[in-house]
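Data first, discussion second: the structure below is written as structure tokens.
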Amino acid sequence: MVFHSFIRNFAANMKEVIIKDSRLQQAAAEGMDAFVQVFVDAIREAIGGELTAETMAELNADQITLLAWDMLHEEVMDGGFVQLIHNGLGEFIFKNPFAKALKLWGMRDLSKLIYEAHTLWLKHREEIEKDCTEDEFMALFEKFPEFDDLDDQFVENEEQWMDDIAHYIDDHLDSFARIQS
């Protein structure tokens, strides 16, 4: 009986993410990036735009993993892992079970890349996370060239990984949102 009460309370705390079917169809016609973005935007909207410890408790593991992918994608495509770490996202990406979740989604190569970046994060995080000037920040890229191969691997595989994520979402729609006509 206690367990059933826990489940009811847990489910009551979950945010309902709703996507209009017409918007989903439009995004699907635009391509995989737009399809994935519809879910990211709907999840963010459901939690008031910001992922915090409190709002994370209102999402399921798949929704959190998708938001982590979105953050990783934005940062690495813009400025690589050094930027991601400097902007304070290393702890969220590397200390949560994000890489494990990606592996469960069937994305072993991306999971492996995250684990490799995690090793470098542990080694260099203090220096990369320090406040610095723009010039000092730019110098970090030359100071830590071991991230270059990881950045390159991410960029080279980004399209395939986005496709994999779009297919995972499509195969598990109920884990991400309720589609409303």
Trp121 and Phe81: aromatic ring centres closer than 6.0 Å?
no

Please report the C-alpha distance between Met138 and Glu134 in whole Å, then the side-chain angles of each, then the deciding distance to 0.1 Å, and finally whether the side-chain contact (heavy atoms from CB on, under 4.5 Å) criterion is met.
CA-CA 6 Å; Met138 296 309 287; Glu134 182 68 26; 3.7 Å; yes

Do Leu104 and Leu67 share a hydrophobic cluster (ILVMFWY, side-chain heavy atoms under 4.5 Å, transitive)?
no

Using the rule given for side-chain contact (heavy atoms from CB on, under 4.5 Å), can you reason through Met32 versus Glu159, listing the C-alpha separation, both sets of side-chain angles and the distance that settles it, and then say yes or no?
CA-CA 9 Å; Met32 64 188 159; Glu159 190 173 321; 3.4 Å; yes

Ile18-Val40 co-clustered via ILVMFWY side chain contacts under 4.5 Å:
no

Would you mind reporting whether Phe39 and Ile19 have side-chain heavy atoms less than 4.5 Å apart?
yes

Within the structure provided, determine whether Val36 and His73 are in side-chain contact (heavy-atom separation under 4.5 Å).
no

Minimum heavy-atom separation for Asn60 and Ser175, please, with both atom names.
ND2-O, 2.7 Å

Nearest 0.5 angstrom please: Ile165 CD1 to Asp170 CG, how far?
13.5 Å

Do you see a donor-acceptor pair shorter than 3.5 Å between the side chains of Gln25 and Asp21?
yes

Val17 and Ile43: which non-hydrogen atoms are nearest, and at how many Å?
CG1-N, 3.9 Å

Can you give me the closest heavy-atom contact between Phe176 and Ile169, atom names plus distance?
CE1-CA, 3.7 Å

Do you know the tightest heavy-atom contact between Ala46 and Glu16?
CB-O, 4.0 Å

In Å and rounded to the nearest 0.5 Å, what is the CD to CG distance from Gln63 to Leu66?
8.5 Å

Centroid-centroid under 6.0 Å between His172 and Tyr168 rings
yes

Let me see the working for Trp69 and Leu110 under side-chain contact (heavy atoms from CB on, under 4.5 Å), right down to the final yes or no.
CA-CA 10 Å; Trp69 157 259; Leu110 179 54; 3.6 Å; yes

Going by heavy atoms in the side chains, are Glu116 and Leu120 under 4.5 Å from each other?
no

Are Lys20 and Gln180 packed together at the side-chain level, in the sense that at least one heavy-atom pair is separated by less than 4.5 angstrom?
yes

Scanning both residues in full, the closest heavy-atom pair of Asp151 with Gly80 reads OD1-CA, 3.4 Å

Is the shortest side-chain heavy-atom distance between Ile114 and Leu72 below 4.5 Å?
yes

Could you measure the distance from the CD atom of Gln160 to the CG atom of Asn157? Nearest 0.5 Å is fine.
8.0 Å

Validation: residues 88-96 side-chain donor-acceptor distances under 3.5 Å, sequence neighbours left out:
unit_1	atom_1	unit_2	atom_2	d
Glu91	OE1	Arg125	NH2	3.4
Asn96	ND2	Phe92	O	2.9

Find the distance between CZ (Phe137) and CD1 (Ile128) and round it off to the nearest 0.5 Å.
9.5 Å

With side-chain hydrogen bond (donor to acceptor under 3.5 Å, both in side chains) as the test, pick out the partner of Asn87 among Glu75, Glu129, Glu74.
Glu75

Hey, could you give me the CD/CD distance between Glu30 and Gln37, rounded to the nearest 0.5 Å?
11.0 Å

Give the intermediate values and the outcome of side-chain contact (heavy atoms from CB on, under 4.5 Å) for residues Lys112 and Arg108.
CA-CA 6 Å; Lys112 183 179 175 208; Arg108 291 187 183 279; over 6 Å; no

Compare all side-chain heavy atoms of His124 with those of Glu146 and state whether any distance is below 4.5 angstrom.
yes

Is a side-chain N or O of Ser111 found less than 3.5 angstrom from the main chain of Met107, in a donor-acceptor match?
no

Kindly work out whether a path of hydrophobic side-chain contacts (I/L/V/M/F/W/Y, heavy atoms less than 4.5 Å apart) joins Tyr115 to Phe154.
no

Under 4.5 Å between any side-chain heavy atoms of Ile64 and Phe98, yes or no?
no

What is the distance from atom CG of Asp164 to atom NE2 of His167, rounded to the nearest 0.5 Å?
8.5 Å

Within a strict 4.5 Å, meaning less than it, do heavy atoms of the Asp70 and Arg44 side chains meet?
yes

Minimal heavy-atom distance between Ile47 and Glu50, with the atoms involved, is CD1-O, 3.5 Å

